[in-house]
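Side chains included, hydrogens not; waters and symmetry mates left out as well; all remaining heavy atoms used. Residue indices begin at 1 and follow the sequence shown. Ligands are counted one by one from 1 in listed order, and the atoms in each one are counted from 1 as well.
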Amino acid sequence: MSRRFEAPKGTFDQLPPASGSRAEVERIMLEQARLAGYQPIETPIFEDTAVFARGVGEATDVVQKEMYTFTDKGGRSLTLRPELTAGIVRALIEHGRLTTGLTKVVCSGPQFRYERPQAGRQRQFSQVDIEAMGSNDPAIDADVILVGHEVFRRLEIPVTLLLTSLGDPVCRPAYRDALLGFLHRLGDQLPAEARARAEQNPLRVLDMKDPRVQALTADAPLMRDFLCNACKAHDQAVQELLAGAGVEWAEAPRLVRGLDYYVRTTFEWQAKSLDAAQNALGGGGRYDKLAEEMGGPPSPGVGFGIGIERVLIACDAEGVLPTPEPHLDAYVVDAVGPEAGAEVTALLAELRETGLSADRAYGGRSVKAQTKSADRAGARYVVLIGRAEMERGAVAVRDMESSEQVEVPRNRVVAWLHERLDTKPEVLGQ
Ligand code: HAM
């Protein structure tokens with residue numbers, strides 16, 4: 001017996017028809033980004049390990065525990081991208097795109113994190129990610145948030161937008177010291193894991209799920225109370241712009257994200273219908289120092305990543321999963337056999353050339369079986385090639401909704417279908 005294989009743990013296959021819902025969700029996200037002026041960018045799925053160690057932050061769980069790192073045959077340390085931002089920033093620096101003006105890009109694709117698989121958490125997952133680099137105007141923060149807002153509105157997923165400011169290198173050090181002092185005073189009351197986190201990144205203690213830690217840190221100092229004037233003004237401006245656009249948010253002074261590059265505006269969208277383990281549908285914020293930290297010119301940036309699989313789970317929970325019907329404009333049924341083969345193939349080519357979706361059955365099956373396949377494929381019209389019709393230079397066309405059947409001259413059938421479908425014949429590719 002030969003061995004059967006399974007997809008690796010924490011990965012998944014996407015097969016029709018579920019893959020159709022996924023494609024539709026991704027299409028809507030990309031369309032919203034395009035409508036806001038974000039242009040497509042592609043970067044490699046693996047990068048020099050240092051891109052993520054430096055970009056995402058050495059002290060993060062992502063870098064410390066979750067990276068798929070390997071040495072290639074040339075002895076280089078490479079890592080499958082655990083997120084998209086660091087690779088995009090590397091690419092924009094490398095190609096000299098951060099020296100003038102604003103750059104708005106959008107990317108969609110897989111990422112890899114060695115996490116414990118559970119509902120909504122996989123080792124391979126995908127995001128649609130947008131990044132705007134080159135300006136610290138708070139209007140860009142609002143622009144980025146609005147793109148996500150529109151995505152969730154169009155998909156009809158009720159979300160809460162959590163929003164906070166994480167300060168900047170001017171005001172955060174004093175806050176960090178105050179928080180660390182607070183945590184040190186708790187001493188042994190804090191579990192060991194929290195004490196270890198406190199030494200690496202004290203902010204990460206605030207987002208621990210352990211109820212003991214949450215109770216002990218209920219009165220911890222908050223970044224909000226330490227913001228410098230410039231950060232306060234930025235935060236205020238973002239809030240005013242969002243309010244002006246009718247976007248609601250909840251202030252989330254304890255929001256901490258798992259990546260180290262954030263400054264100032266930081267946000268997350270949570271699905272109202274999902275539990276805490278999987279309700280983070282997407283998040284992002286500003287990363288004004290990242291380009292410099294990665295050896296580039298100063299170039300403030302802001303962006304988000306929205307998880308496609310999580311959004312699909314939320315759509316499903318809300319009963320709003322887009323389910324594209326299998327659909328074909330036409331299905332060619334061959335009632336003649338091998339001698340009509342060339343005619344069937346020519347007709348299919350002609351239909352597709354003019355922009356109609358069309359298919360046929362294969363393997364010389366009966367007319368009844370072919371018509372059944374047409375039905376299953378969701379065909380709107382069946383074009384039947386019969387011997388008698390062929391002799392008259394015609395084909396029979398059946399409307400699969402009304403079951404009405406008419407004879408149409410062969411040389412008119414493509415135009416006839418376009419008329420009925422209210423589409424314009426276009427010669428694709430010209
Ligand atoms: P992130 O919060 O790490 O941010 O990930 C964004 C989204 O990706 C999450 O909200 C979630 O929907 C999805 N996601 C993350 N990990 C997993 C997983 N293991 N399984 C399934 N879905 C997952 C970032 O990655 C930042 N790069 C976002 C960003 C862009 N910030 C600025 N620009």
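- Both the backbone and the side chain of Arg121 come within contact range of ligand 1, each with a heavy atom under 4.0 Å.
- Using a 4.0 Å cut-off between a side-chain N of Lys or Arg and a carboxylate O of Asp or Glu, Lys272 and Glu318 do not qualify as a salt bridge.
- Distance from atom 13 (C) of ligand 1 to its nearest protein heavy atom, with residue and atom name: Gly307 CA, 3.8 Å.
- Within the listing of ligand 1, atoms 9 (C), 10 (O), 11 (C), 12 (O) sit less than 4.0 angstrom from a heavy atom of Ala280.
- Considering backbone and side-chain atoms alike, Gly284 places every N or O at 3.5 Å or more from each N or O of ligand 1.
- The distance criterion of under 3.5 Å between nitrogen or oxygen atoms is met by Arg113 with respect to ligand 1.
- Classification of Glu401 and Arg380 as a salt-bridged pair holds, one side-chain N sitting under 4.0 Å from a carboxylate O.
- Of the listed options Tyr287, Phe112, Phe304, Phe125, Phe125 places a heavy atom closest to atom 16 (N) of ligand 1.
- Of all atoms in ligand 1, listed by their number and element, those nearer than 4.0 Å to a heavy atom of Gly120 are 20 (N), 21 (C), 22 (N).
- No side-chain N or O of Gln270 forms a donor-acceptor pair with one of Thr160 less than 3.5 Å apart.
- Evaluation of the side-chain hydrogen bond (donor to acceptor under 3.5 Å, both in side chains) test over residues 81-90, restricted to residues two or more places apart or in two chains, returns Glu47-Arg90, Glu83-Thr85, Glu83-Tyr261, Thr85-Glu131, Thr85-Tyr261, Arg90-Glu94.
- Closest to atom 8 (O) of ligand 1, if we only count protein heavy atoms, is Gln127 NE2, 3.0 Å.
- In this structure, the protein non-hydrogen atom closest to atom 12 (O) of ligand 1 is Leu281 O, 2.9 Å.
- The existence of a salt bridge linking Arg257 and Asp207 is excluded, since no basic side-chain nitrogen approaches an acidic carboxylate oxygen closer than 4.0 Å.
- Short contacts between ligand 1 and Tyr262, defined as distances under 4.0 Å to a heavy atom of the residue, involve ligand atoms 26 (C), 28 (C), 29 (C), 31 (N), 32 (C).
- Using a 4.0 Å cut-off between charged side-chain N and carboxylate O, Arg22 and Glu26 make no salt bridge.
- Only the side chain of Asp129 comes within 4.0 Å of ligand 1, judged by heavy-atom distances.
- Among all non-hydrogen protein atoms, the one lying nearest atom 20 (N) of ligand 1 is Gln122 N, 3.0 Å.
- Ion pairing between a basic and an acidic side chain is recognised when a charged N comes within 4.0 Å of a carboxylate O; Glu66 and Arg123 show no such pairing.
- Put simply, CD on Gln236 and CG on Leu241 are 10.5 Å apart, with the number rounded to the nearest 0.5 Å.
- Ligand-side atoms of ligand 1 in range of Gly282: 10 (O), range being under 4.0 angstrom from any heavy atom.
- Annotation for ligand 1: atoms under 4.0 Å from non-hydrogen atoms of Glu83 are 25 (O), 26 (C), 27 (N).
- Contacts between Gln111 and ligand 1 below 4.0 angstrom, taking non-hydrogen atoms only, are absent altogether.
- Within the structure, every pair that satisfies the salt bridge (charged side-chain N to carboxylate O under 4.0 Å, His left out) test and touches residues 148-160, not counting sequence neighbours, is listed here: Glu31-Arg154, Glu150-Arg153.
- Atom 32 (C) of ligand 1 has Gly303 O, 3.3 Å as its closest protein atom, hydrogens excluded (heavy atom only).
- Ligand 1 lies out of reach of Trp269, whose nearest heavy atom is not under 4.0 Å from it.
- Looking at Glu115 against ligand 1, only its side chain comes within 4.0 Å, counting heavy atoms.
- Note that SG of Cys228 and CZ of Arg172 are 11.0 Å apart. Values are rounded to the nearest 0.5 Å.
- Heavy-atom contacts of Glu131 reach the following atoms of ligand 1: 30 (C), 32 (C), 33 (N) (cutoff under 4.0 Å).
- Annotation: atom 24 (C) of ligand 1 to nearest protein heavy atom, Leu259 CD1, 3.3 Å.
- Using a 4.0 Å cutoff on heavy atoms, Arg257 counts as a contact of ligand 1.
- Contact annotation: for Phe267 versus ligand 1, there are no heavy atoms closer than 4.0 Å.
- Close to ligand 1: Gly283, with a non-hydrogen atom less than 4.0 angstrom away.
- Arg264 and Asp235 are not joined by a salt bridge, as no carboxylate oxygen comes within less than 4.0 angstrom of a charged side-chain nitrogen.
- Listed by atom number, the atoms of ligand 1 under 4.0 Å from Gly305 heavy atoms are 6 (C), 7 (C), 28 (C), 29 (C), 30 (C).
- Annotation for Ala198 and Pro202: closest pair O-CD, 3.3 Å, computed over non-hydrogen atoms.
- A donor-acceptor contact under 3.5 angstrom links the side chains of Ser357 and Asp329, judged on distance only.
- For the residue pair Asn136 and His234, no side-chain donor N or O sits within less than 3.5 Å of a side-chain acceptor on the partner.
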